[in-house]
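We name chains A, B, ... by the order of the sequence lines, and we start the count at 1 in each one. Just so it is clear, the structure is predicted and the values come from calculations on it, not from any experiment.
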Amino acid sequence: MRFNNLAELIELAEKESKPIYEIMIEEHVRETGETREKVVAQMTESFDVMMASVQRGLKEDIKSFSGLTGGDAKRVYEYAQQGKTLLGKQATEAVAMALSTSEVNAAMGLVVATPTAGSCGILPGVLSSLSGSLGLEKEQLVLGMFTAAAVGYVVANNASISGAGGGCQAEVGSATAMAAAAAVELAGGSPAQAIQAAGLALKNVLGLVCDPVAGLVEVPCIIRNGFGSVLALAGADMALAGVRSVIPPDEVIMAMYNIGKVMPVELRETAMGGLADTPTARKIEQQIYGNELNEA
Amino acid sequence: MSSFRHSFDIIGPVMIGPSSSHTAGAARLGRSARSICGAQPERAEIMLFGSFAKTYKGHGTDVALVAGLLDFETHDSRIPRSLKIAEEVGMEVLFRMGKPNPDLHPNTVRIRLTQGERAFELMGCSIGGGAIEILEINQFKVKITAAYPTLVIPHVDQFGVVAAVTAILSKYQLNISAMEVARRGRGREALMVIGMDERPSQEAVQEIVALEAVHDVSIITPS
């Protein structure tokens, strides 16, 4: 890749007068030697899997691996159809679709990790909502996935996209930043605005810990995906309005990395702290595993 | 080198949930170990560390590792049933918890496989989003991301083996992207690890296996 951080990415995009997704596709072709058609076709396949998981969660009565979660996506989607939501119909639908994908994931269903499975709801939630609000075609949404990938690439190589490595900020946070940037480009914003949106959104999840109840990717992961989708849309709107992050987005990523490094191990996907260490969480754990855990 | 190389390391893998690091990454680690073994292992001893040890049940890490040992890819719908399938095909699986070790990545696993008289060992970690790093093979320290097809070649440390192997790859016009060689001592057991841009043909592999100093060739492929 010819860029290692977001500043270099914007510089490339501006110098060549191309959107971020175009730079990302070209870099991919250069790195792998595959044709552009093949790369776009592969992304389209991932898009199809993503949308199938969105739809599955809205139609089926999903029950998770543990029986703890499921059905919230349907609930929120039906509520959005009544047309009286506080966020507005499109943003509420983004929440429903983000929840939907995450519920399918918790049920050991087929999903696309974007960038992780624990945060797999945010990008599809935002993309499906945009297809409604902006009337975008599938081909355009697939291009937006490359914008998201470019931001994720920088975060993954400069910080972390693993809850065990850097807490939930590294998963839901990264996904939110990726989706925010994609939303800006799909709405016709500039590469610089897209990166600002990523920085703005990421700032709001710094410090978010990974504290999965009973070690399951369910509570609070699913709900956090729902919130992440709205946060991404809000970040995109702010950036499109001209808001800039005072701390440059690359430095926000650096801050995320540093916070992850000093985050106690109890709060990095070990189910030892945070929500996982509440009386209710411990009771749930006991109900699911009985005494098996103690033996381990 | 960056651990995440391009779009599909970020958007992807297409996978059975619920966790890219604890399920998809674990399946890839299991499948890598299986590749080194070259066949269905008869027995697998799996030691989990850090977050893997703490959350493996909820994240399906145990199920995914065993799925990988059965050669399933990350999107295989049989993953949730892997423990049962392992039983059916007669693969004995044992899980152990490793002592906490702050020097290890929080998602680390050590897999010992036996197949007849032969034993294999792989240690690796899952670094996020389904990406993995292999840190040890048969107690040789390595650094493999398994993002590209990787040749693993146990051999005897002697003059000219490395040149002979690379000559064969060159003859088939195969490009090497990374390479490591390690040995237990002069003239003793050694290991060559070669990252490739593409998977070598069966023909090329057979030529390498035919070299006198080479014990075996296995290929770890991205999945």
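In the model, B:Glu42 has no side-chain atom that pairs as donor or acceptor with a side-chain atom of B:Thr114 under 3.5 Å. For the 3.5 Å distance criterion, the side chains of B:Ser35 and B:Ser32 fail to qualify, holding no donor opposite an acceptor. In this model, no donor atom of one side chain and acceptor atom of the other lie less than 3.5 Å apart for A:Ser64 and A:Glu103. For B:Tyr172 and B:Glu207, the side-chain atoms include at least one donor-acceptor pair closer than 3.5 Å. Side-chain N/O atoms of B:Gln40 and B:Arg34 include a donor and acceptor closer than 3.5 Å. Side-chain atoms of B:His22 and B:Ser51 form a donor-acceptor pair, as typed in the model, at a separation below 3.5 Å.
For B:Phe52, no part sits under 4.5 Å from any heavy atom of chain A, backbone or side chain. Using a 4.5 Å cut-off between heavy atoms, A:Thr114 touches chain B through backbone and side chain atoms alike. Both the backbone and the side chain of A:Met108 come within contact range of chain B, with heavy atoms under 4.5 Å apart. Looking at A:Phe146, the atoms closer than 4.5 Å to chain B (heavy atoms on both sides) all sit in the side chain, from C-beta outward. With a threshold of 4.5 angstrom between heavy atoms, A:Val111 approaches chain B through its backbone and through its side chain. Interface remark: A:Leu123 contributes side-chain atoms only to the contact with chain B (heavy atom separation under 4.5 Å). At a 4.5 Å heavy-atom cutoff, the contact between A:Gln42 and chain B is made by backbone and side-chain atoms alike. Residue contact with chain A, scored on non-hydrogen atoms closer than 4.5 Å, involves the side chain of B:Ser21 exclusively.
Within residues 266-275 of chain A, the residues having any heavy atom less than 4.5 Å from a heavy atom of chain B are, in residue-number order, A:Arg268, A:Glu269, A:Thr270, A:Ala271, A:Met272. Of all residues in residues 161-176 of chain A, those placing a non-hydrogen atom less than 4.5 angstrom from a non-hydrogen atom of chain B are A:Ile161, A:Ser162, A:Ala164, A:Gly165.
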Please tabulate, for side-chain N and O atoms in residues 77-90 of chain B, each donor-acceptor pair with protein atoms closer than 3.5 Å (sequence neighbours left out).
residue	atom	partner	partner atom	Å
B:Arg78	NE	B:Asp76	OD1	3.0
B:Arg78	NE	B:Asp76	OD2	3.4
B:Arg78	NH2	B:Asp76	OD2	2.7
B:Ser82	OG	B:Val63	O	2.6
B:Ser82	OG	B:Ile79	O	3.4
B:Lys84	NZ	B:Glu88	OE2	3.2

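Each of A:Gly152, A:Ala113, A:Pro115, A:Ala149 has some count of heavy-atom pairs under 4.5 Å with chain B, and the biggest count is that of A:Ala113. Ranked by heavy-atom pairs under 4.5 Å with chain A, the list B:Ile11, B:Leu48, B:Thr55, B:Val14 is led by B:Ile11. Of the residues considered (B:Ser20, B:Pro106, B:Pro18), B:Pro18 shows the highest number of contacts with chain A, using heavy-atom pairs under 4.5 Å. No other option in A:Val39, A:Asn105, A:Val265 has as many heavy-atom pairs under 4.5 Å with chain B as A:Asn105. Ranked by heavy-atom pairs under 4.5 Å with chain B, the first of A:Gly215, A:Ala276, A:Ser46 is A:Gly215.
Within the 4.5 Å cutoff, no side-chain heavy atoms of B:Met196 are placed close to those of B:Thr150. Annotation: side chain of A:Val154 is in contact with side chain of A:Ile253 (closest heavy-atom distance under 4.5 Å).
Salt-bridge check for B:Glu121 with B:Arg110: passed, with a basic side-chain N closer than 4.0 Å to an acidic carboxylate O. Here A:Glu8 does not pair with A:Arg2 in a salt bridge; the nearest charged N to carboxylate O distance is not below 4.0 Å.
A centroid separation of 6.0 Å or more is found between the aromatic rings of B:Phe49 and B:His105.
Residue A:Tyr257 places its OH atom among 12 or fewer non-hydrogen atoms of other residues, nucleotides or ligands, all under 6.0 Å distant.
A:Lys38 meets the side-chain contact (heavy atoms from CB on, under 4.5 Å) test with A:Glu34, A:Thr35; sequence neighbours excluded.
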Checklist entry - Does the side chain to side chain contact (heavy atoms under 4.5 Å, CB included) test come out yes or no for B:Ser126 and B:Leu29, once each step is laid out? => result CA-CA 8 Å; B:Ser126 181; B:Leu29 285 164; 4.3 Å; yes

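Checking side-chain atoms of A:Ser100 against main-chain N and O of A:Val54 turns up a donor-acceptor pair under 3.5 Å.
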